[in-house]
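Single-structure report; data block below.
A, B, ... follow the sequence lines: proteins, then strands. Residue 1 opens every chain.
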Protein chains: 2
Amino acid sequence: MTPRACPPTPPVDPATDPDEELSRLAAALGHPARIRILRFLLERRECFAGAIVDHLPLAQSTVSQHLKVLREAGLIRGEVDGLHICYCADEERVHRIGELLQTLNAVPAGSER
Amino acid sequence: MTPRACPPTPPVDPATDPDEELSRLAAALGHPARIRILRFLLERRECFAGAIVDHLPLAQSTVSQHLKVLREAGLIRGEVDGLHICYCADEERVHRIGELLQTLNAVPAGSER
DNA sequence: CCTGTTAATCGTAGATATACGATAAAGCAT
DNA sequence: ATGCTTTATCGTATATCTACGATTAACAGG
């Protein structure tokens with residue numbers, strides 16, 4: 001019904017606490033197929049969804065679902081380009097995972113006994 | 001039956017490829033309760049399981065399951081100390097996640113067009 | 001021995017995730 | 001318009017996850 005064509009990445013709800021945000025991002029990485037997709041997109045800086053489907057031993061609909069998970073986590077973005085959709089990884093967002101991870105082992109400097 | 005008392009961290013199957021390893025670790029972080037447990041353990045350098053249960057709004061059995069997930073991912077270790085079990089985070093393993101993440105955005109130096 | 005404490009495990013209910021084929025929607029080409 | 005291509009979505013089956021209370025096992029103290 002709604003004429004929607006792959007929305008430009010939801011801003012990932014700024015009102016969530018760091019633990020929520022990290023667990024969401026981590027969950028999106030919690031499947032080998034999605035890691036492979038992300039790696040594929042980061043090696044080629046962009047590419048068509050069809051290329052991803054060819055690259056994985058999964059049905060087109062399954063890959064599309066994995067892409068959706070990554071999209072909703074903000075880790076990839078898709079732009080419509082004629083008949084194809086060009087996906088590219090959001091490197092900043094990938095980097096954000098590392099940042100959040102560091103808040104984990106960061107001992108509050110000087111406050112350890 | 002088997003007299004097993006919290007094994008000393010399974011070596012995390014060295015035969016898995018990086019994508020598998022990363023997705024496994026990420027999946028273990030893919031729940032806010034587990035992030036909170038990990039953060040808790042990294043702030044106190046060690047602590048009793050009971051303290052974790054008190055710290056979370058979850059039943060003892062639920063927390064125990066989350067601890068199991070973290071243990072099986074190698075992110076925490078538990079040592080029996082009398083009646084208690086002292087859990088501590090494996091910082092090296094947490095660090096490993098960051099390493100694996102970096103293999104993601106590492107462009108194979110010079111091989112990009 | 002019996003009792004209380006601590007933490008894992010069992011059993012289970014309900015929710016989410018994963019996979020697939022089928023279908024729908026949208027754009028190009030003829 | 002008709003047909004072809006591309007990708008998302010639907011419907012569905014199976015599996016895994018999450019949560020809980022109940023139970024079990026192991027230890028400490030009397």
So which nucleotide from D/dT6, D/dA19, D/dC27 ends up closest to the side chain of A/Leu83?
D/dT6

Atom CG of B/Leu58 to atom C1' of D/dG21: distance rounded to whole Å?
14 Å

Nearest-nucleotide 5' precedence on DNA chain D, B/Gly30 against A/Ser61:
A/Ser61

Counting only side-chain heavy atoms from C-beta out, which of C/dA8, D/dC20, C/dT6 sits nearest to B/Ala59?
D/dC20

Donor-acceptor pair (no angle test) under 3.5 Å: A/Gln65 side chain, C/dA17 base
no

Rounding to an integer number of Å, can you tell me how far B/Leu67 CG sits from D/dT18 C1'?
14 Å

Answer yes or no: is there an ion pair linking A/Glu21 with A/Arg93, defined by an N-O contact shorter than 4.0 Å?
yes

Tell me which of B/Ala51 and A/Ala33 sits closer to the 5' end of DNA chain C, going by the nucleotide each one is nearest to.
B/Ala51

Between A/Ile52 and A/Cys47, what is the shortest heavy-atom contact and its length?
CG1-SG, 3.9 Å

B/His84 side chain to B/Cys86 backbone, donor-acceptor under 3.5 Å
no

Please confirm whether the backbone N or O of B/Thr103 pairs with a side-chain atom of A/Arg39, one donor and one acceptor, at under 3.5 Å?
yes

Send over the distance from B/Lys68 NZ to D/dT18 C1', rounded to a whole Å.
14 Å

Using a 3.5 Å distance criterion without hydrogens, assess whether the side chain of A/Arg77 forms a donor-acceptor pair with backbone atoms of A/Cys88.
no

Protein-nucleotide distance (A/Asp81, atom CG; C/dA26, atom P), rounded to Å:
17 Å

For the side chain of A/Ala49, counting heavy atoms from C-beta on, which of D/dT18, C/dT9, D/dT7 is nearest?
D/dT7

Between B/Ile85 (CD1) and D/dA26 (P), how many Å, whole number?
12 Å

Interatomic distance where CD1 belongs to B/Ile37 and P belongs to C/dA7 [whole Å]:
13 Å

Among D/dA8, C/dA8, C/dA19, which nucleotide has an atom closest to any side-chain atom of A/Thr62?
C/dA19

Give the nucleotide from the list D/dT9, D/dT6, D/dA8 with an atom nearest to the side chain of A/His84.
D/dT6

Expressed as a whole number of angstroms, how long is the span from B/Glu72:CD to C/dA8:P?
12 Å

Closest nucleotide among C/dA7, C/dA22, D/dC20 to the A/Gln60 side chain:
C/dA22

So which nucleotide from D/dA8, D/dT18, C/dT18 ends up closest to the side chain of A/Arg34?
C/dT18

Phosphate contact (D/dA8 OP1 or OP2) by A/Tyr87 side-chain N/O below 4.0 Å:
yes

Could you state the CG-C1' distance from B/Leu29 to D/dT18, rounded to the nearest angstrom?
17 Å

Would you please confirm or rule out a distance under 4.0 Å between OP1 or OP2 of C/dA17 and any side-chain N or O of A/His66?
no

